Amino acid sequence: MMRAPLVLTALTLPLLALAGPALAQDVAQATTAKAGGASVTSPDGSIRVTVTTDGDGRPYYSVTRNGKPLILPSRMGFMLGDAPKLERGFAIESQSVTSADSTWEQPWGEWQKVRDRHTQLRVRLKETTALGRVMDVVFRVFDDGFGFRYELPAPADGKPTRIIEELTEFSLASDGTAWWTPAGEWNRYEYPYNKTPVSRMTQAHTPVTMKLADGTHVAFHEAALVDYAGMWLRRVEGTRFRAALSPSSQGAAVVREGAFTTPWRTLRVADNAAKLYMSQLELNLNEPNKLGDVSWFKPSKYVGVWWEMHLDAATWGTGERLGAKTENVKRYIDFAARNGFRGVLVEGWNVGWDGNWFDNGDGWDFDKPVAQFDMAALSAYAKKKGVHIVGHHETGGGAGQYEAQSDDAYRYAAANGIEVVKTGYVTDAGQIDRVWADGRVTQEWHDGQYMARHHLNIVKTAAKYKVAVNPHEPIKDTGLRRTYPNWVSREGARGQEYNAWGEPKNPPEHEANLFFTRMLAGPFDFTPGVLSLTGKGGTPFMSTLAKQLAQYIVLYSPIQMAADLPENYAKYPGAFQFIKDVAVDWTDTRVLNGEVGEYVTVARKAKGTGEWFLGAVTDGTARTTAVKLDFLDPGKTYEAQIYRDGAGADYRTDQRHAIVIEKKRVKAGDALSIWMGPGGGAAVRFVAK
Ligand code: NOJ
Ligand code: CA
């Protein structure tokens, strides 16, 4: 049936948008029908994106899935610092649709092969006013979501573009439940997850995951955050959101010379939580590898002089209790060599830790060891044992001072056999030191444009010396590991370290939250495997022993720490065997079941050995995960080495260490059922026999 085209004006549009799904559909159809509108569907036809302009020349986009509105007409544009806003008076000047289908390989990752199958809509918007500026919007639509970005030409006056605010909006067609952490707060990305109605969110970091009223799962994020401010998702009203840019001391959130493209604003869309994780949308929206052969990076496990400092049993600062003392580091090197770990992280090895280090960006030296740490002797000792020191560059937020030293720092690291450097930016959000050419120092956010640039500068410098980087208190991951595969991991969420400190510890649902939120972004250096299950002063974790093992599978990273003290591993040799055996690089990953914040079971196939591993976690509720082993290679018999919660295992009691370790013969198609206690989990290694 033909409908009379609706003329949308700034006034009628929000009213229609608020009127609910039935009317919303009319809006979407009307905007498609409007002369000059442009639209594209995903390769399988399920997702349709439409771009249009209203009566005032405001550009809008809207999205349907299976014919049902998903995103109601939502604004696009920019507030600029020294030019009129880019927001109204536009007409669509041209449009083009293209499609692509290719498969590319990751040097390391959750999947070896990644298929990039999408359609693309490019729309050129041109102001009909005397200004006559143009703005391209490019949508890439996949079967499991879409991304779009702006391409802005160089301003005619030759001045830089100064973006005060993005006007990009995401007006969700329905309410639902959201899992999110707050953005713009002092503790960076390190808050426990909130679970609220979508319509009760405030301002969130991405990825933000939502289950909409009809069960559709979506996750907002961004891809290829390069030389631009990170996006926070700010709720404007109801279920309407705005891309809020992380601010900057430079005034405008973003300052760019010449023509440039913004990061992609992305939305994964799936029928269920498991499929949301399986999407490779953001990786596909990043540029291919710019480093070439990175086989010098070896996915591997590491131990370290680390947990003892977080327990207050040793110090980062020099003195009697220094953790990085040569003899203590040797002990860890021996432990690593004995148990097959490639790396030994050493924190507190360099000059800068004495005094108020988190307030002192000037005090650090990244190629000067303290007297109690003998770098020459230790790197030689490590080499003899086939082990590598994992470097540590804590900056205390002194990013500018660090960048100035970075070439020396990475040359020094490489010369000492260091293959991976963990960096750190411990300071409150908004307190990063930016050093200007004239020596002035101003304060920046961890995820503003300055830090987007800073992190890439460090990653590129490290690559020059064939060193990989793992930032803590980082900027979020937006898939740049594809382009710079030496950016191997990062923190950027609440890690295991919170279990060492005071209360509250990480809640029992933490891993089931992380898997469907933070982990959509990419690798997380969570630092799993603390088998003692106790923090400072013997305070207990809200986890069972088996769950600590499951973390290695559930919380992906190509470098995984065995974070506990060697003497604690000695107490749990059975469970420790899994940490020694578990792989860190995968050719395939399958999510077998899961609900956000409740439970998940994931299977991964190890690169090289072809072994399969399974990890499952539950929240505070006991559950049985029942899976079909149809991922195993057909025709083979496997020994399943199972590590599961023992009878009565419970994070709330002294039974949190109860574990059963058993072996079973299995083959493809068999069923496996594993009980998990409250706060529990399970880990399985499948070895072909
Ligand atoms: C915070 C990091 O997350 C932690 O791993 C590190 O030990 C401290 N900063 C000190 O750099
Ligand atoms: Ca941290």
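Atoms within a ligand are numbered from 1 in the order they appear, just like the ligands themselves. Treat the numbers as computed from the prediction; the structure is a model and nothing was measured.
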Legend entry - M231 backbone acceptor or donor facing E222 side chain under 3.5 Å: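 Between the backbone of M231 and the side chain of E222 there is a qualifying donor-acceptor contact (under 3.5 Å).
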Inset, instruction - Between E190, H310, E497, R494, flag the one that comes closest to atom 2 (C) of ligand 1 by a heavy atom. - result: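 That would be E497.
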Inset, instruction - Around atom 7 (O) of ligand 1, find the nearest protein heavy atom and jot down its residue, atom name and distance. - result: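 The protein heavy atom lying closest is E347 OE1, 2.5 Å.
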Inset, instruction - Can you pull out the closest protein heavy atom to atom 5 (O) of ligand 1? Residue, atom name and distance to 0.1 Å, please. - result: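 The closest one turns out to be K422 NZ, 2.6 Å.
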For ligand 1, which atoms have a heavy atom of [X] less than 4.0 angstrom away?
{"X": "E394", "answer": "9 (N), 10 (C), 11 (O)"}
{"X": "H392", "answer": "11 (O)"}
{"X": "H472", "answer": "2 (C), 3 (O), 5 (O)"}
{"X": "V426", "answer": "1 (C), 9 (N)"}
{"X": "E491", "answer": "3 (O)"}
{"X": "E473", "answer": "1 (C), 2 (C), 3 (O)"}

Legend entry - W353 to ligand 1, any heavy atom closer than 4.0 Å: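 It does; at least one heavy atom falls under 4.0 Å.
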Legend entry - the Ca ion (ligand 2) to E190: nearest N/O/S atom name: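 Among the N, O or S atoms of E190, the one closest to the Ca ion (ligand 2) is OE2.
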Would you please indicate yes or no on a ring centroid separation below 6.0 angstrom for [Y] and [X]?
{"X": "Y410", "Y": "H393", "result": "yes"}
{"X": "F613", "Y": "W586", "result": "yes"}
{"X": "Y569", "Y": "F578", "result": "no"}

Inset, instruction - Answer yes if the side chains of Q280 and E110 hold a donor-acceptor pair under 3.5 Å, and no otherwise. - result: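 Q280 vs E110: no donor-acceptor pair found between side chains.
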Got a salt bridge between [X] and [Y], using NZ or NE/NH1/NH2 to carboxylate O under 4.0 Å?
{"X": "R490", "Y": "D477", "value": "yes"}
{"X": "R331", "Y": "D334", "value": "no"}
{"X": "E394", "Y": "K422", "value": "no"}

Inset, instruction - Kindly confirm or rule out an N or O of W306 lying under 3.5 angstrom from an N or O of ligand 1. - result: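 Yes, W306 has an N/O under 3.5 Å of an N/O on ligand 1.
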Inset, instruction - Using the Ca ion (ligand 2) as the apex, give the angle to atoms OE2 (E473) and OE2 (E497), rounded to 10 degrees. - result: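 Between OE2 of E473 and OE2 of E497, at the Ca ion (ligand 2), the angle is about 150°.
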Inset, instruction - List the steps and the verdict of side chain to side chain contact (heavy atoms under 4.5 Å, CB included) for E308 and V305. - result: CA-CA 7 Å; E308 58 191 89; V305 182; 4.3 Å; yes
